[in-house]
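Below: one structure, written as structure tokens.
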Amino acid sequence: MSIRAAELLDWYDREHRDLPWRHPEAGAWKILVSEYMLQQTPVARVLPIWLEWVARWPTPSATAAASAADVLRAWGKLGYPRRAKRLHECARVIADDYGDVVPDDVEALLTLPGVGSYTARAIACFAYQQSVPVVDTNVRRVVARAVDGLADAGPPSTTRDLAAVAVLLPDDSTAPRFSAALMELGAIVCAARSPKCGLCPLSHCAWRAAGYPPATTPPKRGQAYAGTDRQVRGRLLDVLRGSQKPVTRAQLDIVWLTDTAQRDRALDSLLVDGLVEQTADGRFALAGEGDG
DNA sequence: GATACGTGGGA
DNA sequence: TTCCCAAGTAT
């Protein structure tokens with residue numbers, strides 16, 4: 001079963017959320033910033049950070065001129081702070097190598113730090129109106145249901161997923177809106193947890209036609225967060241974000257008392273990732289503190 | 001292909 | 001309260 005573009009586009013025009021990075025005046029850089037922030041992070045949490053961010057650093061060169069520490073602080077508790085570091089590095093590359101203009105071709109975009117298959121195509125599509133497939137988790141789920149009649153998407157495969165969406169893409173200038181609509185439908189109607197099929201505009205959904213069969217593969221258990229290195233890293237970084245001055249080892253140690261080996265490992269990984277630096281006197285600070 | 005990588009809100 | 005999961009990327 002396929003997806004009728006007209007149904008999807010009409011629904012999108014009626015029901016889509018008014019998100020600022022979708023406004024025509026946003027421009028490629030601010031769209032790029034939104035894409036980094038939206039990687040694995042809900043719109044509601046991104047919105048306030050994005051608004052402050054693009055007002056403060058409206059261009060790649062403005063972003064590149066900021067210190068890494070300021071960038072990490074502005075990122076706040078959005079999560080996965082390596083994204084902030086990569087965004088900062090990306091800004092420098094675009095400022096230095098691309099004349100402060102976000103490149104418009106997928107191949108060049110893919111060379112930027114933090115830009116993978118999804119983000120490269122999202123920028124080409126939404127910032128430059130190119131008819132390239134854009135595949136995120138929402139799109140994969142909508143296609144799995146509406147086209148394949150399955151409750152959930154199978155394991156991701158970039159090659160396979162791109163090909164599946166490519167055949168659905170309208171062969172005209174509506175392609176970018178079609179991709180945005182696919183993502184929007186997955187986000188607010190064809191949701192993972194409780195799909196609102198009563199509100200779905202698609203009159204030909206294979207999953208519905210099959211009587212909404214449940215997933216056949218057992219749900220994969222995501223790893224617990226409590227007690228992981230990720231949680232320890234988060235705690236350590238939170239201390240560093242909150243201090244304008246370098247902190248002592250003891251100030252970091254108190255955030256994780258239960259497993260000192262794990263705490264040491266977490267701190268070391270932050271140093272390796274370049275998110276944290278050690279000062280000459282042995283204290284610790286956010287990377288690039290004092291730069292810019 | 002599997003795994004590491006933050007955080008917080010809703011069911 | 002616990003569990004799920006949210007516009008992925010890099011290794």
Side-chain angles (χ1 to χ4, degrees), chain A residues 16-17 19-22 26 30-50 72 75-87 89-90 109-127 133-142 151-162 165 176 179-188 190-196 215 218-241 255 262 265-266 268-270 272-275:
Chain A
H16 73 82
R17 294 165 295 179
L19 301 173
W21 46 83
R22 286 179 176 157
K30 294 177 184 180
I31 291 172
L32 180 152
V33 171
S34 79
E35 295 299 346
Y36 275 69
M37 292 182 174
L38 287 162
Q39 290 168 3
Q40 297 285 284
T41 306
V43 166
R45 289 179 51 206
V46 165
L47 201 42
I49 305 287
W50 183 87
L72 287 168
W75 193 263
K77 305 196 78 167
L78 220 39
Y80 292 143
R82 293 195 291 199
R83 292 182 294 164
K85 181 171 168 50
R86 289 175 185 145
L87 177 55
E89 292 163 356
C90 172
L109 287 161
L110 282 171
T111 68
L112 299 172
V115 173
S117 174
Y118 162 75
T119 302
R121 291 176 174 78
I123 294 167
C125 177
F126 303 135
V134 180
V135 182
D136 74 336
T137 186
N138 290 307
V139 172
R140 282 168 30 74
R141 185 175 54 253
V142 171
D152 294 304
S157 157
T158 302
T159 307
R160 207 165 355 111
D161 297 339
L162 284 173
V165 173
S179 282
L182 229 34
M183 291 172 60
E184 190 75 345
L185 190 70
I188 67 183
C190 196
R193 200 77 71 90
S194 31
K196 300 171 172 61
K220 44 187 171 292
R221 311 204 57 72
Q223 69 174 62
Y225 176 60
T228 61
D229 287 11
R230 272 152 69 193
Q231 184 183 27
V232 184
R233 285 166 56 105
R235 293 260 190 98
L236 294 171
L237 224 38
D238 202 36
V239 171
L240 269 4
R241 275 194 304 262
V255 306
Q262 183 181 35
R265 184 169 67 242
D268 187 59
S269 74
L270 289 171
V272 169
D273 285 351
L275 295 170

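The chains referred to below are lettered A, B, ... by the order of the sequence lines, with proteins before strands, and numbering in each begins at 1. Nothing here was measured: the structure is a model prediction, and the numbers come from that model.
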Using atom P of each nucleotide, how far apart are dT9(C) and dG9(B) to the nearest Å? 25 Å
Looking at every strand, decide which applies to V139(A) at a 4.0 Å heavy-atom threshold: base, sugar-phosphate, or nothing. nothing
Does the side chain of S34(A) get closer than 4.0 angstrom to OP1 or OP2 of dA7(C) through an N or O atom? no
Just checking L236(A): base, sugar-phosphate only, or nothing, at a heavy-atom cut-off of under 4.0 Å? nothing
Polar contact flag, side-chain donor to acceptor under 3.5 angstrom, R121(A)-S179(A): no
Where the side chain of R160(A) is concerned, which of dA7(C), dA10(C), dG1(B) is the nearest nucleotide? dG1(B)
Which part of the nucleic acid does R140(A) contact within heavy-atom distance under 4.0 Å: base, sugar-phosphate only, or nothing? nothing
Regarding S269(A), tell me which of base, sugar-phosphate or nothing describes its non-hydrogen contacts under 4.0 Å with the strands shown. nothing
Could you work out, with side chain to side chain donor-acceptor pair (under 3.5 Å) as the rule, every residue matching K30(A), not counting sequence neighbours? none
Start at the 5' end of DNA chain C and walk down; is the nucleotide closest to R17(A) or to G114(A) reached first? R17(A)
Below 4.0 angstrom, N of the basic side chain to O of the carboxylate: do D268(A) and R265(A) qualify? no
Using a 4.0 Å heavy-atom cut-off across all strands, classify A122(A) as base, sugar-phosphate, or nothing. nothing
For E184(A), give me all partners under salt bridge (Lys or Arg N to Asp or Glu O under 4.0 Å), at least two apart in sequence or on another chain. R17(A), R22(A)
Using a 4.0 Å cut-off on protein heavy atoms (strictly under), produce a 5'-to-3' string for nucleotides 6-11 of chain B with B for base contact, S for backbone-only sugar-phosphate contact, and - for none. BBSBBS
Suppose we screen for side chain to side chain donor-acceptor pair (under 3.5 Å). Which residues come up paired with R140(A), at least two apart in sequence or across chains? D161(A)
For dA11(B) and dA7(C), measure between their P atoms and round to the nearest Å. 15 Å
Atom pair distance, as rounded to whole Å: CD in E35(A) and P in dA7(C): 11 Å
Specify the separation, in whole Å, of atom CG of D152(A) and atom P of dC5(C). 8 Å
Mind calculating the distance between CG (D161(A)) and P (dT9(C)) to the nearest angstrom? 12 Å
Atom NZ of K30(A) and atom C1' of dA7(C): how far apart are they, to the nearest Å? 20 Å
May I have the distance from D268(A) (atom CG) to dA4(B) (atom C1'), rounded to whole angstrom? 15 Å
Scan W21(A) against the nucleic acid and name what it touches under 4.0 Å (heavy atoms): base, sugar-phosphate only, or nothing. base
Output all residues satisfying salt bridge (Lys or Arg N to Asp or Glu O under 4.0 Å) with R82(A), sequence neighbours left out; order by chain, then residue number. D273(A)
Between dA7(C) (C1') and L87(A) (CG): distance, integer Å: 15 Å
Side chain to side chain donor-acceptor pair (under 3.5 Å) with R193(A): which residues, sequence neighbours excluded? none
Whole-Å P distance, dT11(C) and dG6(B): 14 Å
